[in-house]
Student: 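The structure is given below, and queries will be raised subsequently.
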Amino acid sequence: FPKFGHSTKDGFRYLQPFYWAASKSTDATVAFDVETNARLGLLGELRTILDRESDFRINGSYFNELWRTDQNSAVVDRTIADQTIPQNRWSVVGSHRWATSSDWLTFSDFAAYSDDLFTRELADRFDLTGIQEANVQRSRYDASRFGVFKNWGDAFLKGEWSFYQDFIQYDKYTLQRTPQIAFWGRRLLGDFPLEFRWRAEAINYYSRESGEALRLDLRPELVLPFRLSHFYGSMSVAPRETVYHKYSPVIYIPVKTTDRNVSRELVELRGTVGTSFSRVFGFESFGISRVKHVIEPEISYLFVPGVNQGNIPIMDDVDRINRRNVFTFAVTNRLWGKTSTGLAPPSKDSNVELLSSGFIGDVREMASLRLAMSYDINQARKGADSLTDIDSNLRFTPLSYIDIAFDGGVDPGAWQVTQARLAFNVTDPRPVRRTLDPDFNRPNTFGIAYQYVHRGPNSYLADDANVNLDLPPNCTAQPLDPRCPGTGFDRNTVGNINTNVLYHAHDNVLLNFTSTYDVRDSRFIGFRATTKLLSFCECWTLTFAVSHNVNPDKTSFGFDFSLLGLGNTKSSLNK
């Protein structure tokens, strides 16, 4: 059945898919897309199952922007490097998994797009779930990987080629991993409780603009776990050797040396000790008979000596490991609740003895709170701030259908929240009538979440990743440059409120609403309202949707008709 829609940017939309079942294990879909104010398009997808553990899928598309008149209005984000929208646009996306008879696994996940704005504008043309579509639209880059994998139980080998397409900055600066070979594992040394772990990784980084370098990283580790009375923990020592070979004399900034072969030697010392104690309380309320309170304090230590790393290149987080002399203190509180259902027990003076208690216990974690903070000895010796943020993780589930979560960090010096995520979700505990449509099988839900990240020294890069502070300020071309007058750049990095509501207005009517509100800029980033109708014969559904996005800035209306059957497993609400 075709799909109809209309948007303020693309005009009337008509998409006609055709389905072909080539065999019992192979099928394909081809669709023609017409958007009266923008483009003509052709989409295709081929899927095949090779055997129980092997499959292949490829998705391709082509769009011609022959009716588009104002391309500049579609470029809402003026901070991206390449803002060109070509007339001919295409995409190739796919994956495969193939297991050989000798237990080797080959895999690939690949994606390539004609331009940096393709995913923002055209991701909703594909048959993706709501989460997949949002991830594709909001990602700052896309990754493609090809490789092999082997598992020997306690040892693993992986070879992989990874390529990245940057949607924000120029691709010529992007470092590609071509290739990466890793071998890691763990093994107990005889009957002695000493464990040997290892990880060896060789990786070649390449960039058209920055050069090429090979890195070999070796990290063996000896781990001694222990348990003494009520205490448990482990101690470990891990020497580390990292060797670099630069094919060209100059590699990516900030390192510009003529040395082609450089190395770094480190050692990591770790220790952890913890304990646990608990107490059980009677609690006859809310259907709970017992509550168990568990306290788990823990102390860990990390030492890494300081070494000179100024002559080695910077390609990822492995290339800079600062000196560490840190104690971390953490305590976790857990509340476990036990509910009891079944026959009431006989009285103490009764002559009746039950063969079984008649009770069925359901134990669940009702709440947990973890607090952690580190103390840096090196910073304390220098008279600097030696305490890290207080990391907190709270989970509160007083009833099975209520879930509250909080994750955040607090600066103990200024007592300021540096980052936070608060989520509240309620799910209707009543059973739902089963149907062939997956959306109507979901219970009524309400959820709201708030995300916050305080501004930092690099916050301006979240708004404009192409600001170059090595060049003189150009406030016309880069108005978000923190050096420009009036910018001040005291804005927080993130401050969003997300909501999601799913409600069964009738056995055959389903309502859904999702939205994201930017508290920092006082505007809606986007919302989607959907009404879904299920036929009384439960053999087809109608979906009406309206959505609004800010990047690109447009309001869209959509209509979808679906037949229900064995192949109908996807949700159509959050697409």
Side-chain angles (χ1 to χ4, degrees), residues 141 143 145-150 152 154-164 173-187 189 194-224 234-272 300-326 328 374 376-379 458:
Y141 67 90
R145 60 175 188 160
F146 309 85
V148 296
F149 179 80
K150 176 67 174 177
W152 289 277
D154 55 1
F156 309 89
L157 175 67
K158 183 173 73 170
E160 184 174 295
W161 286 258
S162 298
F163 304 90
Y164 303 91
Y173 298 113
T174 304
L175 291 171
Q176 313 293 348
R177 300 186 179 190
T178 57
Q180 177 183 8
I181 301 175
F183 180 59
W184 71 97
R186 56 196 298 174
R187 181 163 297 178
L189 300 180
L194 187 65
E195 186 177 276
F196 175 64
R197 302 177 183 176
W198 71 90
R199 182 175 181 86
E201 181 185 61
I203 182 171
N204 187 81
Y205 272 102
Y206 169 77
S207 171
R208 287 179 291 165
E209 187 72 18
S210 308
E212 187 174 8
L214 174 67
R215 183 183 71 205
L216 176 62
D217 188 30
L218 303 175
R219 188 183 181 277
E221 182 180 17
L222 286 176
V223 181
L224 177 63
S234 65
M235 295 182 295
S236 68
V237 55
R240 190 168 189 174
E241 175 72 20
T242 310
V243 180
Y244 298 83
H245 172 70
K246 295 180 284 185
Y247 297 97
S248 56
V250 179
I251 191 66
Y252 190 61
I253 58 174
V255 180
K256 294 183 178 180
T257 67
T258 58
D259 297 331
R260 290 179 179 268
N261 299 307
V262 291
S263 64
R264 178 192 64 189
E265 293 74 31
L266 288 174
V267 63
E268 300 176 12
L269 302 177
R270 299 175 184 269
T272 301
S300 60
Y301 175 72
L302 170 63
F303 175 77
V304 179
V307 297
N308 183 14
Q309 305 175 84
N311 62 338
I312 64 176
I314 299 179
M315 297 178 288
D316 56 30
D317 56 349
V318 172
D319 303 313
R320 289 297 183 270
I321 300 178
N322 296 330
R323 174 180 171 85
R324 292 287 187 268
N325 192 7
V326 177
T328 300
S374 296
D376 194 324
I377 299 176
N378 293 330
Q379 296 296 326
N458 297 321

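Reckoned from all heavy atoms, side chains included, excluding hydrogens, waters and symmetry mates. Note that the coordinates shown come from a computational prediction; the quantities given were computed from them, not determined experimentally.
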Student: Assess the side chains of Arg215 and Tyr205: does a donor N or O sit below 3.5 Å from an acceptor N or O?
Tutor: no
Student: Might you point out which heavy atoms bring Asp319 and Ile314 nearest each other, and give the distance in Å?
Tutor: OD2-C, 3.7 Å
Student: Okay, side chain of Arg260, backbone of Tyr247: is any donor-acceptor separation there less than 3.5 Å?
Tutor: yes
Student: How long is the span from the OG1 atom in Thr242 to the CD1 atom in Ile321, to the nearest 0.5 Å?
Tutor: 6.5 Å
Student: Provide the closest heavy-atom pair for Ser162 versus Arg145 in the form atom of the first, atom of the second, distance.
Tutor: OG-CB, 4.0 Å
Student: So do the side chains of Ile312 and Arg320 get within less than 4.5 Å of each other, counting heavy atoms only?
Tutor: yes
Student: Under a 4.5 Å cut-off applied to non-hydrogen side-chain atoms, are Arg264 and Val318 in contact?
Tutor: yes
Student: As an exercise, state the distance from CZ of Phe183 to CZ of Phe156, rounded to the nearest 0.5 Å.
Tutor: 10.0 Å
Student: Would you say Thr328 and Ser374 are linked by a side-chain donor-acceptor pair, where the criterion is simply a distance under 3.5 Å?
Tutor: yes
Student: Between Arg323 and Asp376 (salt bridge meaning N to carboxylate O under 4.0 Å), is one present in this structure?
Tutor: no
Student: In Å, rounded to the nearest 0.5 Å, how long is the span from CZ of Phe149 to NZ of Lys158?
Tutor: 8.0 Å
Student: So do Asn311 and Gln309 actually touch side chain to side chain, heavy atoms under 4.5 Å?
Tutor: no
Student: Identify the heavy atoms of Pro239 and Pro220 that sit nearest to each other, and give their distance.
Tutor: O-CD, 3.2 Å
Student: Compare all side-chain heavy atoms of Ser207 with those of Gln176 and state whether any distance is below 4.5 angstrom.
Tutor: no
Student: With side chains defined as the heavy atoms from C-beta onward, is the minimum distance between Asn325 and Tyr301 less than 4.5 Å?
Tutor: yes
Student: Is Asp154 salt-bridged to Arg187, going by a charged N under 4.0 Å from an acidic O?
Tutor: yes
Student: Kindly give the heavy-atom pair with the smallest separation between Leu157 and Ile181, and that separation in Å.
Tutor: CD1-CG2, 4.2 Å
Student: Using a 4.5 Å cut-off on heavy atoms from C-beta on, say whether the side chain of His245 contacts that of Leu216.
Tutor: no
Student: Given side chain to side chain contact (heavy atoms under 4.5 Å, CB included), test Arg177 with Tyr164 step by step and report yes or no.
Tutor: CA-CA 9 Å; Arg177 300 186 179 190; Tyr164 303 91; 3.9 Å; yes
Student: Hey, are the side chains of Thr178 and Phe163 touching, using non-hydrogen atoms and a 4.5 Å cut-off?
Tutor: yes
Student: Do Val304 and Val267 come close enough that some side-chain heavy atom pair is under 4.5 Å?
Tutor: no
Student: One thing to verify: whether Arg199 and Asp217 come together as a salt bridge, which I'm taking to mean a side-chain N less than 4.0 angstrom from a carboxylate O.
Tutor: no
Student: Could you walk me through whether Ile203 and Leu214 satisfy the side chain to side chain contact (heavy atoms under 4.5 Å, CB included) test, starting with their C-alpha distance in whole Å, then the side-chain angles of each, then the deciding distance to 0.1 Å, before giving a yes or no?
Tutor: CA-CA 6 Å; Ile203 182 171; Leu214 174 67; over 6 Å; no
Student: If you count the non-hydrogen atoms of other residues, nucleotides and ligands that lie under 6.0 Å from OH in Tyr141, is the total more than 12?
Tutor: no
Student: Could you go through Leu194 and Val223, starting from their C-alpha distance and side-chain angles, then the distance that decides it, and tell me whether this counts as side chain to side chain contact (heavy atoms under 4.5 Å, CB included)?
Tutor: CA-CA 6 Å; Leu194 187 65; Val223 181; over 6 Å; no
Student: CG of Leu269 to CG of Leu302: how many Å apart, nearest 0.5 Å?
Tutor: 8.5 Å
Student: Using the side-chain hydrogen bond (donor to acceptor under 3.5 Å, both in side chains) rule, pick out the option among Glu221, Glu268, Arg270 that qualifies with Ser236.
Tutor: Glu221
Student: Return yes if a side-chain donor-acceptor contact under 3.5 Å exists between Asn204 and Glu212, otherwise no.
Tutor: yes
